[in-house]
Amino acid sequence: MASLVRSATLRALKPLCNVTLNDAVLRRSQTLSVRAFSTTLSPPSKAVVYEQHGPPDRVTRVIELPPVEVKENDVCVKMLAAPINPSDINRIEGVYPVRPQVPAVGGYEGVGEVQSVGSAVKGLSPGDLVIPSPPSFGTWQTYIVKDQSVWHKINKDSPLEYAATVTVNPLTALRMLEEFTTLKKGDAIVQNGATSIVGQCIIQLAQHRGIHNINIIRDRAGSDEVKEKLKNLGADEMFTESQLEVKNVKGLLGGIPEPSLGFNCVGGNAASLVLKFLGRGGTMVTYGGMSKKPITVSTSSFIFKDLSLRGFWLQKWMSTEKAFECRVLIDHLLDLAREGKLKYEMELVPFDKFSAALDNALGKQGSQPKQVINFQL
C-alpha cells in the first residue's frame, strides 16, 4: 500500500490546472529546487484524482499531494466545500465536450478560504472567502494554488453550501432567463425538469420578477408531494406529463398568458410538451437531455407558430469576453440566498465519506439531494 501511495504522489497533479503528468512532476521538481529561496509553500493537499476515463466509482481515488510553491501572483486557497455535479461525472467518464487531460483532479466549482497570497497579489488577504470564477478544473482537493485572477472574493456571510454551488446551476437559470428574450412582469415561461436544481432556481427567479411559471414533472409515486414542494418555492402551475395528454394544453392555464420562453433539459416527449405550451414566435432553450431521447418538432410548429429552438451551455458563455460579468451575477444570486429567496436541497458530506457521496450522486441509492463535499468535517 505504501508503494502505491508513493507512486500516486509522483503522479500528482498541478492543482486546479489542466496539465499533463510531466507538467505536474516538473512543477514539483522546480518547487523542491527553489525551496530554499521560496517564502511560501502550500500545505500538503488531499485530492480526488483519476488517471483514466471511466466509471467514476472505479477510476477515482484519494491521494496525498506534496506542497506547491506559492509564486508572487498566486493565491493558496483552503477549500471548504465543493459539489458533485452531473458534469463532473461526465468529465470523469470522458464524455463531456470539455474536460481536463488525465491524470486530473476532479471537481469544477466550490468555495474556499484564502490561506496565503503571493507578494504581488492585490485585493485578496488570508481569511477571505473566495470561489473560482469562472470555475476551473480541480476543486476536489483540500488546498489549491492558482493565479489571483481565478479567485473572486465573496461576502463572508454567504451560506457555505450555496457559495459552493452558485456558479453552475443558479447561474445557468439566471442567464437563460435573460439571454433569449426580454421578459417583463406578467409574462410566462414553461419548463420541464422542474425538480432539478436549475428548474427550482428558474421558479424562484421568475417569481421574484413577477413572471408566471408553468412546470412539467415526470409521472412518479409521490408526485403530489413534489408539486407541493414546487408550489412552496413559487411555482404557479404544475403538471405531470400524463396530465398534458390533451389536445389543448393551453386550456389548462386559466388566466396565465401563453409562454414566450420555454426550457428543456429532458428531451423526448417532455420537450414536445414544452413546445405545445409556447405561443407564436416563442423560443425553447435546451440545456440538457436527461432522457437521452431526441427532440421531435412538428412542421406546423415551425410554419404556423414560428417557434425557435436554441441551446445554452454555460461553459461556452463563460469562455467569452463576458466571463467576468458573471461575478456581478453571482453576487446577486448569493444575496438572494442570504435573504432566503433562493434555496434548493443539498446534503453536506464529510470528505472522508466521498465514496458514499459519489454513489449517491451516481443514483445508486435512488434520487438524492445534491451532494456537496465538506472539507471541514
Side-chain angles (χ1 to χ4, degrees), residues 16-18 73 75 77 82-83 85 87-88 96-98 107-112 114 121-124 128-139 144 146-159 161-185 187 189 191 196-211 260-261 263 265 283 285-288 308 310-339 341-344:
L16 201 59
C17 291
N18 178 9
N73 290 309
V75 176
V77 172
N85 287 318
S87 55
D88 296 322
Y96 203 72
V98 177
Y108 187 60
E109 66 175 332
V111 62
V114 174
V121 171
K122 306 293 184 183
L124 291 174
D128 287 344
L129 199 63
V130 294
I131 62 174
S133 177
S136 188
F137 302 125
T139 56
I144 298 174
K146 194 71 173 174
D147 188 88
Q148 62 180 325
S149 63
V150 168
W151 302 106
H152 173 48
K153 180 179 175 179
I154 61 174
N155 191 311
K156 294 191 74 171
D157 293 330
S158 300
E161 64 272 30
Y162 288 95
T165 58
V166 69
T167 308
V168 174
N169 291 320
L171 188 57
T172 292
L174 182 58
R175 286 307 309 153
M176 291 196 303
L177 282 168
E178 296 180 345
E179 185 84 0
F180 298 95
T181 189
T182 301
L183 294 169
K184 60 183 183 297
K185 186 175 182 179
D187 287 345
I189 60 98
Q191 65 168 341
S196 69
I197 289 186
V198 172
Q200 294 177 55
C201 290
I202 286 173
I203 290 171
Q204 295 168 86
L205 293 171
Q207 184 203 40
H208 184 64
R209 299 176 179 208
I211 298 168
S260 58
L261 184 61
F263 303 114
C265 68
T283 299
V285 180
T286 293
Y287 65 98
S308 298
R310 300 288 302 276
F312 181 80
W313 184 26
L314 182 68
Q315 187 161 332
K316 180 181 178 182
W317 178 79
M318 298 183 80
S319 67
T320 69
E321 68 279 359
K322 298 180 180 179
F324 286 94
E325 292 181 19
C326 71
R327 296 187 173 187
V328 176
L329 302 180
I330 284 171
D331 290 341
H332 169 64
L333 290 166
L334 288 176
D335 285 343
L336 293 177
R338 283 197 304 275
E339 295 166 5
K341 297 177 181 177
L342 183 67
K343 51 191 175 182
Y344 40 89

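Heavy-atom basis, side chains included; hydrogens, waters and symmetry copies ignored. Everything numeric in this text was worked out from a predicted model, so none of it was measured.
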Student: Might you point out which heavy atoms bring A163 and S158 nearest each other, and give the distance in Å?
Tutor: CB-CB, 4.3 Å
Student: Side chain to side chain contact (heavy atoms under 4.5 Å, CB included), that's the test. Do R209 and D187 meet it? Break it down for me.
Tutor: CA-CA 10 Å; R209 299 176 179 208; D187 287 345; over 6 Å; no
Student: For the atom pair CG (L174) and SG (C201), what is the distance rounded to the nearest 0.5 Å?
Tutor: 9.5 Å
Student: Does any part of the side chain of V285, heavy atoms only, come nearer than 4.5 Å to the side chain of L261, both counted from C-beta?
Tutor: yes
Student: Could you walk me through whether L205 and L333 satisfy the side chain to side chain contact (heavy atoms under 4.5 Å, CB included) test, starting with their C-alpha distance in whole Å, then the side-chain angles of each, then the deciding distance to 0.1 Å, before giving a yes or no?
Tutor: CA-CA 9 Å; L205 293 171; L333 290 166; 4.1 Å; yes
Student: Please report the closest heavy-atom contact between P132 and G110, naming both atoms and the distance.
Tutor: CD-O, 3.3 Å
Student: For the residue pair L334 and N155, establish whether any side-chain heavy-atom pair is separated by less than 4.5 Å.
Tutor: no
Student: Any non-hydrogen side-chain atom of F263 less than 4.5 Å from a side-chain atom of S196?
Tutor: no
Student: Locate the shortest heavy-atom distance separating Y287 from G199; write the atom from each residue and the value.
Tutor: OH-N, 4.2 Å
Student: Do you know the tightest heavy-atom contact between S260 and L183?
Tutor: OG-CD2, 3.6 Å
Student: Look up atom CG in D157 and atom CZ in R338, then write down how far apart they are to the nearest 0.5 Å.
Tutor: 6.5 Å
Student: Mind checking whether V98 and K316 have side chains closer than 4.5 Å, heavy atoms only?
Tutor: no
Student: Quick check for you: to the nearest 0.5 Å, what is the distance between E109 atom CD and N85 atom CG?
Tutor: 5.0 Å
Student: Enumerate the side-chain hydrogen bond (donor to acceptor under 3.5 Å, both in side chains) contacts for residues 161-173, please, sequence neighbours excluded, ordered by first and then second residue.
Tutor: T165-Y344
Student: Going by heavy atoms in the side chains, are L336 and H208 under 4.5 Å from each other?
Tutor: yes
Student: Is the shortest side-chain heavy-atom distance between V168 and I197 below 4.5 Å?
Tutor: no
Student: Kindly compute the distance separating CE (M176) from CG (L314), expressed to the nearest 0.5 Å.
Tutor: 9.5 Å
Student: Where is the tightest heavy-atom contact between I330 and S133, given as atom of each residue plus distance?
Tutor: CD1-OG, 3.8 Å
Student: Set out, in order, the CA-CA distance, both residues' side-chain angles and the distance that settles side chain to side chain contact (heavy atoms under 4.5 Å, CB included) for F137 and Y108, then state yes or no.
Tutor: CA-CA 5 Å; F137 302 125; Y108 187 60; 3.7 Å; yes
Student: Between E325 and R175 (salt bridge meaning N to carboxylate O under 4.0 Å), is one present in this structure?
Tutor: no
Student: State the CZ-NZ distance between R327 and K153, to the nearest 0.5 angstrom.
Tutor: 12.5 Å
Student: Per the side-chain contact (heavy atoms from CB on, under 4.5 Å) rule, which among I144, I154, V75, V77 passes with V130?
Tutor: V77
Student: For Q204 and L342, work out which heavy atoms get closest and say how close.
Tutor: OE1-CA, 3.3 Å
Student: For the NZ atom of K146 and the CG atom of N73, what is their distance to the nearest 0.5 Å?
Tutor: 13.0 Å
Student: Side chains of P97 and W313: does their closest heavy-atom pair fall under 4.5 Å?
Tutor: yes
Student: Can you sort out the partners of D147 under salt bridge (charged side-chain N to carboxylate O under 4.0 Å, His left out), two or more places apart, ordered by chain and number?
Tutor: none
